[in-house]
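Data block below; observations after.
Starting from 1, each residue takes its place in the sequence as its number.
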Amino acid sequence: MTTHVTVIGLGAMGSTMAETFLKAGHRVTVWNRTPGKAGALVALGAHEAASPAEALSPAAGELVVVSQVDYRAMFDSLADVDLTGKVLVNLSSDSPSKLREAAEWVSARGGALITGGIMTPPPGIGRPGAYTFYSGPSEALSRHEETLKALSDVTYIGADPGLAMLFYQAQLFMFWSGLTSFMYASALAESAGLPVSTMLPYAQETYGGLAGEGPMGFLAILAAEFEARVYPGELNNLHMQAVGMEHVVHTFEDAGLDLAVPVALKELFARADEEGHGAEGLGSIIESIRKP
Ligand code: NDP
């Protein structure tokens with residue numbers, strides 16, 4: 001079924017989303033704060049609105065997809081626009097509290113807000129495997145689910161509008177911290193005069209093992225410990241690992257490398273040890289994370 005979609009924001013993401021909607025056969029209206037970014041989309045059949053008010057006129061249909069740098073940009077762009085009857089789907093990054101504020105802001109202007117965290121860069125939009133965390137009013141999402149599926153799979157998390165970003169930021173934190181650890185490890189290999197490729201197979205085994213079901217499958221093991229709030233440490237207690245983390249810091253120090261991330265981990269491990277978790281397992285660190 002074809003429909004009309006308005007896309008607000010023509011950065012790398014918004015432009016690809018508009019193009020994807022066009023290729024899926026939808027009618028598309030676009031608007032961007034800085035003019036001059038819609039040429040290729042207009043050539044594909046999009047209508048470029050001269051203002052946000054025109055882009056969100058009643059004639060433009062119900063569905064408005066927003067992709068901007070943050071939610072402040074939506075407040076700036078749509079401050080003077082009547083949102084009566086509109087369903088805004090904001091796929092920009094921000095914090096859960098900002099999304100909850102935005103849901104009230106949109107509702108006060110007569111519209112409904114669906115929040116989303118899209119889990120793919122531009123080349124993955126519309127490709128198999130791409131998915132988006134959505135939260136907010138489920139009936140409004142259901143009404144537009146078929147259209148939104150042009151961008152990615154639709155993964156609904158719940159009615160609280162903050163949830164989309166809670167899940168999105170959690171994923172990004174794992175992604176960035178995991179890859180940053182690999183950067184530190186690679187720099188360590190280089191410091192010994194070895195090419196990074198010598199480290200790669202061991203990194204692949206470590207990261208792959210964490211997500212697996214075997215004895216190194218620590219994501220599943222720790223998830224069960226976190227829910228039970230029990231952290232067995234007989235075979236590898238936290239105190240031993242806090243001392244070991246100091247050795248990691250010394251290793252980076254000896255290699256003349258940056259210490260910011262290793263020191264942050266060392267301090268977290270030491271605090272959990274001091275807070276009485278030394279005889280428990282590594283997973284007990286979550287108790288110190290829960291109580292900063
Ligand atoms: P870009 O930097 O390419 O584009 C940013 C967009 O925001 C531009 O359209 C810009 O308009 C607009 N904008 C910024 N400030 C304002 C403002 N005050 N008022 C109106 N418009 C404003 O970013 P991306 O397209 O890459 O990312 C968009 C969102 O998607 C971000 O929140 C990002 O975190 C998220 N995201 C990005 C991914 C990626 O790989 N790129 C992956 C997943 C999510 P103008 O042209 O006028 O400057």
Inter-residue atom distance [X].[atom1] - [Y].[atom2], 0.5 Å rounding:
X      : Y      : atom1 : atom2 : result
Glu101 : Ser95  : CD    : OG    : 8.5 Å
Glu48  : Lys37  : CD    : NZ    : 11.5 Å
Thr3   : His144 : OG1   : NE2   : 7.0 Å
Glu280 : Asp273 : CD    : CG    : 10.5 Å
Glu205 : Leu210 : CD    : CG    : 10.5 Å
Phe252 : Leu257 : CZ    : CG    : 6.5 Å

Any side-chain heavy atom of [X] within less than 4.5 Å of one from [Y]?
X      : Y      : value
His4   : Thr29  : yes
Tyr184 : Asp258 : yes
Leu88  : Leu83  : yes
Leu91  : Leu151 : yes
Leu282 : Phe218 : no
Met13  : Ile125 : yes
Met74  : Ser92  : no
Val248 : Lys266 : no

Check [X] against [Y] and note the closest heavy-atom contact, atom names and distance.
X      : Y      : result
Ser15  : Leu10  : OG-O, 3.1 Å
Leu265 : Met245 : CB-CE, 3.7 Å
Ala60  : Thr6   : CB-OG1, 3.7 Å
Pro96  : Leu166 : CG-N, 3.8 Å
Ile221 : Pro215 : CD1-O, 3.9 Å
Ala55  : Trp31  : CB-CB, 4.0 Å

Note to self: Just to verify, what does Glu275 make a side-chain hydrogen bond (donor to acceptor under 3.5 Å, both in side chains) with, not counting sequence neighbours?
What the structure shows: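 Listed in chain order: Arg271, Ser288.
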Notebook entry, point to check: According to a 4.5 Å side-chain heavy-atom criterion applied to Ile, Leu, Val, Met, Phe, Trp and Tyr, with indirect links allowed, do Ile289 and Val261 form part of one hydrophobic cluster?
Noted result: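 Shared cluster, yes.
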Notebook entry, point to check: In terms of hydrophobic clusters joined by side-chain contacts under 4.5 Å, are Val249 and Leu268 together?
Noted result: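 Yes, because Val249 and Leu268 connect within a single hydrophobic cluster, where side-chain heavy atoms sit under 4.5 Å apart.
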Checklist line | Verdict with supporting geometry, Gln68 and Arg33, side-chain contact (heavy atoms from CB on, under 4.5 Å) | finding: CA-CA 10 Å; Gln68 296 172 309; Arg33 175 183 60 174; 5.8 Å; no
Check: Are a donor atom and an acceptor atom from the side chains of Ser93 and Gln169 found within less than 3.5 Å of each other?
Finding: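 A pair is found: one side chain offers a donor N or O, the other an acceptor, under 3.5 Å apart.
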Checklist line | ring pair (Phe, Tyr, Trp, His ring centres under 6.0 Å) contacts touching residues 84-133 (sequence neighbours left out) | finding: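 Listed once each, the pairs are Phe75-Trp105, Tyr131-Phe133, Phe133-Phe167.
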Notebook entry, point to check: Tyr207 vs Phe182 aromatic rings, parallel, tilted or perpendicular, using cut-offs 30° and 60°?
Noted result: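 Tyr207 vs Phe182 ring planes: perpendicular.
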Next item on the list: Please say whether more than 12 non-hydrogen atoms of neighbouring residues, nucleotides or ligands are located less than 6.0 Å from CD in Glu104.
Entry: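 No, not enclosed.
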Check: Has Asp254 got more than 12 heavy atoms of other residues, nucleotides or ligands less than 6.0 Å from its CG?
Finding: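 Counting neighbours around CG of Asp254, more than 12 heavy atoms of other residues, nucleotides or ligands fall under 6.0 Å, so yes.
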Checklist line | N-O pairing of Glu19 and Lys23 below 4.0 Å | finding: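 A salt bridge links Glu19 with Lys23.
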Margin query: Donor-acceptor check, side chain of Lys86 to backbone of Gly110, threshold 3.5 angstrom: yes or no?
Written below: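 No: the side chain of Lys86 does not pair with the backbone of Gly110.
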Next item on the list: For Met199 and Glu190, run side-chain contact (heavy atoms from CB on, under 4.5 Å): C-alpha distance rounded to whole Å, both residues' side-chain angles, the deciding distance at 0.1 Å, then the answer.
Entry: CA-CA 9 Å; Met199 190 67 84; Glu190 287 171 350; over 6 Å; no
